[in-house]
Asker: 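I'd like to ask you about the structure that follows.
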Amino acid sequence: MDGGSSVRSLAESALLAAITVLLMFLGAFLPIAGFFVVLMWPIPVMLVILRHGVRYGLMTVAVTIVLSTIFLGIIQAVLAGITIVGLIGVAFGIGLRRSWTGSTLVGVGTAVIAVSFLITLALAGPLMGIDLVEQIQNTAARSVEMAAETYSSMGVADAELILEEMRTAIAIMETVFPAMLMMSAFVYSVWTFGVTRLLLPKLGYAVPPLPPFARWRAPIWLALALLASYGIILFMGGPESVSYIVVLAENVLFAANGAYLVFGAALLYFLLHRLLGSPWVAGFACALIAINPIGVSILPLAAILDSGLDIRRFVDRKRNENRT
């Protein structure tokens with residue numbers, strides 16, 4: 001009986017590995033739809049872990065890497081197989097098997113995806129002979145040069161001032177690159193979670209939901225991280241400062257501001273939904289305000305205030321009082 005079960009587990013793992021390779025092939029060569037196919041790459045590994053355990057999931061990852069070298073080449077197979085298929089698939093599979101909450105899945109997924117990004121950056125040089133970070137910097141510098149030529153040919157007023165601001169923005173981006181990497185990992189984790197929640201329930205597996213966006217509220221510890229980073233930059237920072245702790249504080253400050261913008265948008269959506277009634281209208285209005293410079297400035301402040309006062313509880317209480 002155990003032997004038959006083992007053979008079936010191996011057969012299903014091999015089949016799902018083959019499906020993963022097919023998805024990797026489609027994701028690599030489809031121009032637009034490939035992005036959405038990539039989000040499905042870890043799904044077969046999750047299925048193997050849910051059905052047969054982590055050991056068979058790791059075997060599936062290994063078989064996927066070996067098979068994908070035939071169609072994609074060893075470099076892409078190793079990078080995609082280890083990072084996207086392996087790390088993300090195994091992390092989500094273990095989390096689903098242990099009945100983690102949706103928030104925990106996204107949080108662990110963010111950490112794992114950030115690690116996968118770092119592995120990709122580290123392996124790209126030895127395997128591909130290129131420095132991805134340097135390529136990003138060179139591309140940004142060339143973009144500024146092309147913009148300078150365009151502005152000059154069009155006779156735009158204050159073109160030099162605009163270009164100087166662009167150079168400053170690029171310099172800031174280089175400093176806060178780790179924070180941008182973490183924020184990108186969070187977005188990718190949310191997307192992966194969304195695809196997982198869309199597909200796995202159709203196959204009979206429960207995926208816990210995330211809290212409704214309208215109820216997202218900043219934790220108190222985020223305010224402590226914000227204050228600590230401000231303090232470090234204020235007392236230790238400066239034009240000539242290259243201290244690692246200052247750079248870390250700048251990255252924490254950048255990431256915290258981004259998080260507070262999201263939490264502020266959630267609060268705004270909650271209030272607009274209460275006011276307008278329609279979730280679609282509230283979402284559209286919230287998006288317009290969130291991308292506006294005024295909204296970018298005000299929403300994080302509103303989120304900081306809400307983390308201490310819990311404005312939603314006050315609104316809910318008022319609404320219940322009006323009903324009674």
Side-chain angles (χ1 to χ4, degrees), residues 13 16 20 23-24 27 35-36 38-62 64-65 78-123 177-201 203 205-213 215-222 224-225 248 251-252 254-256 258-263 266 307:
S13 300
L16 288 169
T20 305
L23 291 174
M24 293 175 68
F35 169 77
F36 300 97
V38 168
L39 296 176
M40 299 170 59
W41 287 2
I43 298 293
V45 176
M46 298 180 206
L47 281 173
V48 173
I49 293 175
L50 286 171
R51 290 177 62 84
H52 306 295
V54 178
R55 182 166 65 95
Y56 285 98
L58 295 175
M59 291 171 58
T60 302
V61 173
T64 298
I65 294 173
V78 170
L79 291 178
I82 292 177
T83 58
I84 300 178
V85 176
L87 290 176
I88 302 172
V90 171
F92 270 76
I94 292 174
L96 292 171
R97 189 177 177 89
R98 296 184 177 179
S99 301
W100 290 351
T101 64
S103 301
T104 303
L105 279 171
V106 171
V108 173
T110 299
V112 168
I113 291 168
V115 170
S116 73
F117 287 169
L118 292 175
I119 291 175
T120 301
L121 293 174
L123 292 180
F177 179 77
M180 295 177 65
L181 185 145
M182 286 298 300
M183 294 167 70
S184 301
F186 171 76
V187 173
Y188 195 92
S189 180
V190 171
W191 285 342
T192 304
F193 177 84
V195 172
T196 302
R197 183 162 168 77
L198 178 66
L199 297 179
L200 285 189
L203 300 174
Y205 297 96
V207 179
L210 285 173
F213 179 65
R215 295 289 173 176
W216 288 17
R217 180 166 163 256
I220 295 296
W221 60 261
L222 188 61
L224 300 177
L248 175 62
N251 278 271
V252 171
F254 183 83
Y260 274 124
L261 177 61
V262 173
F263 288 122
S307 65

Asker: What distance separates L222 CG from F263 CZ, expressed to the nearest 0.5 Å?
Answerer: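 Going from the CG atom of L222 to the CZ atom of F263 covers 6.5 Å.
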
Asker: Taking F186's backbone N and O only, do any of them form a donor-acceptor pair with S189's side chain (distance below 3.5 Å, no angle check)?
Answerer: no

Asker: Less than 4.5 Å apart, side chain to side chain, heavy atoms only: is that true for F254 and P178?
Answerer: no

Asker: If you define the side chain from C-beta out and look only at heavy atoms, does anything of L105 sit under 4.5 Å from T196?
Answerer: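 No - every pair of side-chain heavy atoms lies 4.5 Å or more apart.
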
Asker: I need the I49 CD1 to L96 CG distance, nearest 0.5 Å.
Answerer: 9.0 Å

Asker: Consider only side-chain N and O atoms of Y56 and R51, and report whether a donor and an acceptor are under 3.5 Å apart.
Answerer: no

Asker: So F92 and F193, would you call those rings parallel, tilted or perpendicular, with 30° and 60° as cut-offs?
Answerer: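 If you compare the ring of F92 with that of F193, the planes turn out tilted.
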
Asker: Among V108, V106, I113, exactly one meets side-chain contact (heavy atoms from CB on, under 4.5 Å) together with T110. Which residue is that?
Answerer: V106

Asker: I need the L210 CG to R197 CZ distance, nearest 0.5 Å.
Answerer: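 If I round to the nearest 0.5 Å, the distance is 8.0 Å.
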
Asker: Quick one: does L200's side chain get under 4.5 Å of L47's, heavy atoms only?
Answerer: yes

Asker: Taking the side chain as every heavy atom from C-beta outward, state whether W41 and T64 have any pair of such atoms under 4.5 Å apart.
Answerer: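 Side chain of W41 against side chain of T64, heavy atoms only: no contact under 4.5 Å found.
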
Asker: If you round to the nearest 0.5 Å, how far is OG1 of T192 from CD1 of I43?
Answerer: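 Atom-to-atom, I43:CD1 and T192:OG1 are 8.0 Å apart.
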
Asker: Identify the heavy atoms of M183 and G258 that sit nearest to each other, and give their distance.
Answerer: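 Minimum heavy-atom separation between M183 and G258: CE-CA, 4.0 Å.
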
Asker: Could you tell me the separation between the OG1 atom of T60 and the CE atom of M46, rounded to the nearest 0.5 Å?
Answerer: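 Answer rounded to 0.5 Å: 13.0 Å.
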
Asker: Is there side-chain contact between W100 and P208, with heavy atoms separated by less than 4.5 Å?
Answerer: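 Heavy-atom side-chain distance check fails, nothing below 4.5 Å.
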
Asker: Roughly how far apart are L50 CG and I94 CD1, rounded to 0.5 Å?
Answerer: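 So the CG of L50 and the CD1 of I94 are separated by 10.5 Å.
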
